[in-house]
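Heads up: the structure comes next, in structure tokens.
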Amino acid sequence: MTIQSTPRASSHPVRAALIALAIMAGAAVVLYIVAFEQGALTGTGMLMHELMHDGRHLMGVPCH
């Protein structure tokens, strides 16, 4: 006797789309903070720039 299962279609495609959108938006915010933030968004002056400085260079993003 073999047990066969069939893959179920997602019963909540809208929920899956919203989760994917939230993940992409979060990734875009993190990418902005790491790559481009120089105090405009966080209001911390150059603190975030200095914290992410080496990461910028490792990713090849120019910041000078």
Side-chain angles (χ1 to χ4, degrees):
M1 173 182 267
T2 61
I3 299 174
Q4 294 181 350
S5 64
T6 57
R8 293 187 331 174
S10 175
S11 59
H12 302 286
V14 174
R15 182 176 180 212
L18 288 175
I19 290 171
L21 183 63
I23 290 171
M24 290 185 335
V29 168
V30 169
L31 179 64
Y32 171 78
I33 288 173
V34 171
F36 304 110
E37 173 61 23
Q38 294 188 14
L41 182 67
T42 59
T44 59
M46 296 297 282
L47 176 66
M48 200 54 80
H49 175 87
E50 294 301 324
L51 287 174
M52 302 297 171
H53 190 260
D54 292 336
R56 283 187 172 115
H57 288 297
L58 286 172
M59 291 189 313
V61 176
C63 61
H64 296 268

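Position 1 is the first residue of the sequence; numbering continues from there. Please read these numbers as outputs of a predicted model, since none were measured by experiment.
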For V14, which fellow cluster members are found when Ile, Leu, Val, Met, Phe, Trp and Tyr are connected by side-chain heavy-atom distances below 4.5 angstrom, either directly or through intermediates?
-> L18
For residues 25-34, the side-chain hydrogen bond (donor to acceptor under 3.5 Å, both in side chains) pairs (sequence neighbours left out) are Y32-E37
Who pairs with I19 by side-chain contact (heavy atoms from CB on, under 4.5 Å), at least two apart in sequence or on another chain?
-> R15, I23
